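From a predicted model like this one, the values you see are computed outputs, not experimental measurements. Residue numbering restarts at 1 for every chain, and letters A, B, ... go by the order of the sequence lines.
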Number of protein chains: 2
Amino acid sequence: MLDPIARVRRFNRAVTSEVGALDTSFLGRGRTLGVARVLNAIGHGRSDVADLRDYLALDSGLMSRFLRSLEEEGLVTTKPHPDDARRRIARLTAAGRREFEAYETLSNRQAQAMIARHSQPHALLAAMDMVAAALGRDRIRIDEVDPRDEQARYCLKEYYAELSRRFARGYDVALSRDPDAVDMMAPRGAFFVALSDGLPLGCVGLKGSGGAVAEIKRLWVAPAARGLGVGRRLMDAAEQAARKLSITTLRLDTNSALGEAQQLYRKTGWTEIERFNDDPYPDLFFEKQLR
Amino acid sequence: MLDPIARVRRFNRAVTSEVGALDTSFLGRGRTLGVARVLNAIGHGRSDVADLRDYLALDSGLMSRFLRSLEEEGLVTTKPHPDDARRRIARLTAAGRREFEAYETLSNRQAQAMIARHSQPHALLAAMDMVAAALGRDRIRIDEVDPRDEQARYCLKEYYAELSRRFARGYDVALSRDPDAVDMMAPRGAFFVALSDGLPLGCVGLKGSGGAVAEIKRLWVAPAARGLGVGRRLMDAAEQAARKLSITTLRLDTNSALGEAQQLYRKTGWTEIERFNDDPYPDLFFEKQLR
DNA sequence: AAATATACCTGACTTAAGTCAGGTATCATG
DNA sequence: CATGATACCTGACTTAAGTCAGGTATATTT
């Protein structure tokens, strides 16, 4: 009842009976699950046959047969890879794209129905994000991106929104020292986002000036992803980037209202120092020497 | 990215690839998924062959073969139903129970591993409960129980805990008029819990005195289940029970801090009335006439 | 008591998925 | 340019699941 294990198992039961039905729903368009999965994977941008095989965990023989079957239906064409004629590339035909869209519409409708019935969709979506992040934890990637990218901008927007929720006096970016994008890109600095199956779950910026000292800025982890070690991985990525840029001293400012972040800094070799700027929001300052 | 549909679909992907693997893990004990599922269903208390067939959605022929196979392995015995010799009852042998326990241990370990890796298991479990409740929404049952039952006591404990969180001055049951259990049981009243796959998600008490007036008490819905219409279903059950007991007037007290509940009352035919008791916690009073 | 329905069983079949051993064309390398 | 590796293909096979048409024993109805 209150037993965590029982709760997880209950979740598993709920999910296998409901989401399992979703998988099966790919049927009903006169195609078996195997070929439908291949069609969908191609539609989602996987074209390399080896990649498809790997992604779908299919035997090479089986993969070939599925592709032949899709070709016979006129939904897919294959051609040799321009760089290596042994490899093949699969693409959807116009008819194939229509079929793919039909599957997409079906999945979207199902997803839509699931939230539409709920009268608190925000909470439900947040819960789904959290579960998905925990389940897909091993597939969370840390990617270096331009801080003006869509995914970076999304993270920053969420970061500001969270600060204004958590600071008693609110938060206004204009009052803070918002770093220039170029300071957080090679060759001066770097910007990283954590991605789980395409969804941004966190970010961090390394703001350099060309010298030996750089600052860590904008460390944020989505509420759905807390407890998965994403913050630490982001910080590791930033530190590693700093080392590559020959930076020897890292500094950062933070606010004592952000307890989790502070804990992370203290656990990973940062030491508290004196205030080094006059930004109105931070009240805690840290430094870390990279050797 | 921020698109709700994309988030649901991402959840589905995460879950099918991870939880799907769980299903497959029933293998690895030298048994196919089909027989393993039957063994597990029997272990979980389903003994009637027709019931098993129905639950697992199996053809009668296939079911027979699975049972024969389990009998040959010495894990299951079947015998005719005492009331109807056409029907059969399946039971685990000692060896069968051992095998079943082995599967259970396996599932439990997997569940354990999932939470153990997370550094905020409470939040994760709450999220899983919420998703499970939403997915299993159509299978939420409202059962009448003794208010001293384990499931009822669990709900009441959570109810009190929530009140003390939500009331600025906290909450102490001793100061409130805690109804006697017998007042919330036939023939004076009733008590209902909402159950989703065994997990209690909410409760409500109908406290009668033998007369034509009764009170609604202890309406609570688990945070994980809000937005699914559980509160309304509980209230409907209580009203129906009241009608059966020839009660014509229902009353209740509540606190304006409990906005969702208040909204529900106003939407379902309750009208605000004057204070009718001196309980220190409520500040809002409602009445509903049953015809 | 006869007719009909029900619950389960058996055997023969189909389907989808998956495995495996070659086979062919292409590429990389000494 | 010969050799071996690689990428994909084909055909023959296996496995697990599922379907379907009877069949037997028991229960219910008339």
For B:I5, is there any backbone N or O sitting under 3.5 Å from a side-chain donor or acceptor partner on B:D3?
yes
Tell me if a side-chain donor or acceptor on A:R139 pairs with a main-chain N or O of B:A14 at a distance below 3.5 Å.
no
Looking at residues at least two apart in the chain, or sitting in another chain, which of them share a side chain to side chain donor-acceptor pair (under 3.5 Å) with B:R98?
none
Below 4.0 angstrom, which residues in residues 55-70 of chain A have at least one non-hydrogen atom near DNA chain C?
A:L58, A:D59, A:L62, A:R65
Mark yes or no for whether A:T78, through its side chain, and A:I89, through its backbone, hold a donor-acceptor pair below 3.5 Å.
no
When you measure from the side chain of A:N40 to the backbone N and O of A:A36, does any donor-acceptor pair fall under 3.5 Å?
yes
Residues touching DNA chain C, which here means a heavy atom under 4.0 Å, drawn from residues 73-86 of chain B:
B:R86
Would you say A:D146's side chain and A:R148's backbone share a donor-acceptor pair under 3.5 angstrom?
yes
Whether B:R226 side chain and A:A123 backbone form a donor-acceptor pair below 3.5 Å
no
Whether the side chain of A:R37 engages the backbone of A:L56 through a donor-acceptor N/O pair (distance < 3.5 Å, no angle test) should be reported.
yes
Under the rule for side-chain contact (heavy atoms from CB on, under 4.5 Å), what residues qualify as partners of B:L62, not counting sequence neighbours?
B:L58, B:D59, B:F66
I'd like the 5' and 3' limits of the part of DNA chain C contacted by chain A, with heavy-atom contacts below 4.0 Å.
C:dA16 to C:dC27
Please confirm whether the backbone N or O of B:A133 pairs with a side-chain atom of B:S196, one donor and one acceptor, at under 3.5 Å?
no
I need the residues from residues 38-53 of chain B with at least one non-hydrogen atom less than 4.0 Å from DNA chain C; give them sorted by number, or say none.
B:V49, B:A50, B:R53
Any side-chain heavy atom of A:F192 within less than 4.5 Å of one from A:D143?
no
Report the distance from atom OG1 of A:T77 to atom CZ of A:R88, rounding to the nearest 0.5 Å.
9.5 Å
